[in-house]
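Everything numeric in this text was worked out from a predicted model, so none of it was measured. Atoms within a ligand are numbered from 1 in the order they appear, just like the ligands themselves.
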Amino acid sequence: MKEMIAKCRSEVEGIYNKFDASHDLDHIDRVMKNAEKILITEPDADELVVKLAVLLHDVEDTKYEKMHEATTEELLARIGATQSITDQVLSAIESVSFSGGNAKELTSINGAIVRDADRLDAIGAVGIARAFAFGGARGRKLYDQQEEARMDMSESEYRKKETATVTHFYEKLLLLKELMVTKEGTRLAEERHEFMVVFLNQLKKEID
Ligand code: ADP
Ligand code: NI
């Protein structure tokens, strides 16, 4: 199993290194650490499926122009994954994306772990850093006090509008704590969430 995971990581390295700092290989490595913590508390999960899904979960991210040829499925074939592993990994990845609150329903504990692990990296100090890195890469404003956070939107509305980064906290990041599924993920989200609230209060104080 270790060998297949290492092989997979080296396959995706070049892909993520072309993404901006919000979705680079360090993001993948942090999500892996989060997933490992959650895995310890979820004996019914399949460790190999979870770890491969973590490594591959952003390969076909539609926010990024595809700069590489391989699909997730091709990468799984390249590392010698069986059909059953491939199906389970693809299904776990499908439910990862938030998509403006339009996430697909979870079909397994494996998918829940990958999604919680990814969402933990979207909040807290590292979540703040990533949001501004993403906003910077897209030329977004830091904040816009005139802008209203959208609470109900379709996936394409969510993707289309170029909101300021602070608005993104209200449209997504502050909502994630309540959307965690695993017990350990929920526990880990608590402190990170509180830190974002402290950050936003301080920011408001400095701007006003
Ligand atoms: P998903 O792929 O799960 O639907 P998002 O598209 O919301 O997730 O983005 C993943 C990460 O990228 C966010 O957690 C955040 O760090 C960054 N990001 C996405 N959209 C924005 C935005 N409008 N402003 C700032 N950061 C963003
Ligand atoms: Ni991710």
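Of all N, O or S atoms in Asp118, the one lying closest to the Ni ion (ligand 2) is OD1. The N, O or S atom of Asp58 lying closest to the Ni ion (ligand 2) is OD2. Of all the N, O or S atoms in His57, the one closest to the Ni ion (ligand 2) is NE2.
With Glu147 contributing its side chain and Ala164 its backbone, the two residues share a donor-acceptor pair below 3.5 Å. Panel note: side chain Asn110, backbone Ala92; no donor-acceptor pair is recorded below 3.5 Å. Arg192 contributes a side-chain N or O that, together with a main-chain N or O of Leu120, makes up a donor-acceptor pair within less than 3.5 Å. With Tyr16 contributing its side chain and Asp58 its backbone, the two residues share a donor-acceptor pair below 3.5 Å. Not a single donor-acceptor pair under 3.5 Å links the side chain of Asp26 to the backbone N or O of Asp24.
Any N or O atom pair closer than 3.5 Å counts here, and Lys172 shares at least one such pair with ligand 1. For ligand 1, one of its N or O atoms has an N or O atom of Ser99 under 3.5 Å away.
Residue Asp121: no N/O/S atom is found under 2.8 Å from the Ni ion (ligand 2). Under 2.8 Å from the Ni ion (ligand 2) lies no N/O/S atom of His23, from backbone or side chain alike.
Taking a cutoff of 4.0 Å between a charged side-chain nitrogen and a carboxylate oxygen, Arg187 and Glu184 qualify as a salt bridge. Comment: Arg150 does not engage Glu157 in a salt bridge, judged by the lack of any side-chain N to carboxylate O separation of less than 4.0 angstrom. A salt bridge is defined here as a Lys NZ or Arg NE, NH1 or NH2 lying under 4.0 Å from an Asp or Glu carboxylate O, and Glu162 with Lys141 fails to meet this definition.
Among protein heavy atoms, atom 1 (P) of ligand 1 sits closest to Ser97 OG, 3.3 Å. Summary of contacts: the protein heavy atom closest to atom 12 (O) of ligand 1 is His23 CE1, 3.1 Å. The nearest heavy-atom contact from the protein to atom 2 (O) of ligand 1 is Lys63 NZ, 2.8 Å. Among all protein heavy atoms, the one lying closest to atom 25 (C) of ligand 1 is Ala131 O, 3.4 Å. Looking only at protein heavy atoms, the nearest one to atom 23 (N) of ligand 1 is Arg140 NH1, 2.9 Å. Summary of contacts: the protein heavy atom closest to atom 15 (C) of ligand 1 is His168 NE2, 3.6 Å.
The side-chain tip of Arg130 does not point at the ring of Phe169 from less than 6.0 angstrom away and within 45° of straight on.
Remark: among candidates Phe98, Phe134, Tyr158, the nearest residue to atom 7 (O) of ligand 1 is Tyr158, based on non-hydrogen atoms.
Proximity of Leu173 to ligand 1 is established by a heavy-atom distance of less than 4.0 Å.
Side-chain contact check for Thr82 and Ser84: no donor-acceptor pair (N or O, by modelled atom type) lies under 3.5 Å.
Contact annotation: for Arg130 versus ligand 1, heavy atoms closer than 4.0 Å belong to both the backbone and the side chain.
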